[in-house]
Amino acid sequence: MSEQVILNIAGVNKRFGGLQALTDVGIKIMKGQIYGLIGPNGAGKTTFFNVITGLYQPDTGTFELAGKPYSPSAPHEVAKAGIARTFQNIRLFGEMTALENVMVGCHVRTRQGVFGAVFRHKAARLEEAAIRARAQELLEFVGIGQFAQRTARFLSYGDQRRLEIARALATEPQLLALDEPAAGMNATEKLALRELLVKIKNEGKTVLLIEHDVKLMMGLCDRLTVLEYGKPIAEGLPAEIQSNQAVIDAYLGGSH
């Protein structure tokens with residue numbers, strides 16, 4: 001059986017005024033992979049992420065998710081299509097509980113409309129109970145089930161990152177896109193994050209990952225693409241990327 005392509009993007013260009021931020025960028029991710037996107041500061045990684053997830057509109061490009069064309073026209077439409085993301089800066093509902101934060105993600109897939117929610121029909125009540133149970137299950141999965149009723153802003157930094165991932169998983173994505181999830185973490189928290197991402201992969205999920213910690217990426221990703229000045233300069237297995245002279249020059253500033 002051939003592998004399934006989850007994300008297939010080609011020919012992405014994006015200009016901001018006089019700045020060409022992305023030039024002919026493409027990526028192909030297979031189901032069940034952890035795929036890494038790396039590059040020096042200013043390489044265009046987050047810009048590309050923002051294009052994929054509907055925050056920026058591309059000037060050109062073709063986009064397919066699980067074999068079907070999709071238009072990155074708006075973040076909520078991209079989430080419905082099946083891509084969930086986190087951001088460099090934590091974006092939780094700080095005054096809501098951990099459980100409530102994850103339930104928000106679950107509501108992307110709800111069937112009962114406003115009418116059912118307002119009048120508390122039986123179907124709406126059953127769906128709400130199922131959402132609550134699923135949210136608790138996801139908190140357990142990421143390792144913070146014991147903090148379900150804790151206000152999100154009172155969680156530790158590492159646990160807030162885990163909560164963001166749980167909320168993203170609650171949308172039942174075909175692709176989980178994580179933008180620097182290890183940023184600001186200590187060594188222990190990074191190890192725990194690595195274990196969680198492997199656990200997510202083992203559940204059959206597909207992950208696209210931006211991260212500045214190259215050592216973490218090399219030990220975690222199945223394949224990687226390297227950007228420099230908005231252009232792809234290498235793609236391949238971690239071992240191939242590590243020995244690629246163009247990548248070495250991009251990170252070190254010259255031949256070494």
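Throughout, numbering of the chain's residues begins at 1 and tracks the sequence. Predicted model, so just to flag it, every value in this text is computed and none were measured.
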To the nearest 0.5 Å, atom CG of N89 lies from atom CG of D179 at 9.0 Å
Atom pair NZ (K31) and CG (L175), whose distance is rounded to the nearest 0.5 Å: 10.5 Å
Assert yes or no for the condition that the ring centre distance of F16 to Y56 is strictly below 6.0 Å. yes
[X] (side chain) donor-acceptor with [Y] (main chain) under 3.5 angstrom:
X: N101; Y: F93; result: yes
X: T60; Y: G11; result: yes
X: K68; Y: A81; result: no

Modelled atom types, side-chain donor and acceptor of E164 and Q160, under 3.5 Å: no
Sequence neighbours excluded - side chain to side chain donor-acceptor pair (under 3.5 Å) pairs with any residue from residues 230-242: Y35-E235, R223-E235
Y229 atom OH: more than 12 heavy-atom contacts under 6.0 Å: no
Closest heavy-atom contact between R194 and L220? CG-CD1, 3.9 Å
Go through the structure and list residues passing side chain to side chain donor-acceptor pair (under 3.5 Å) with T53, not counting sequence neighbours. R85
Under the side-chain contact (heavy atoms from CB on, under 4.5 Å) criterion, do L7 and V5 qualify, and how do the steps go? CA-CA 6 Å; L7 188 68; V5 179; 5.9 Å; no
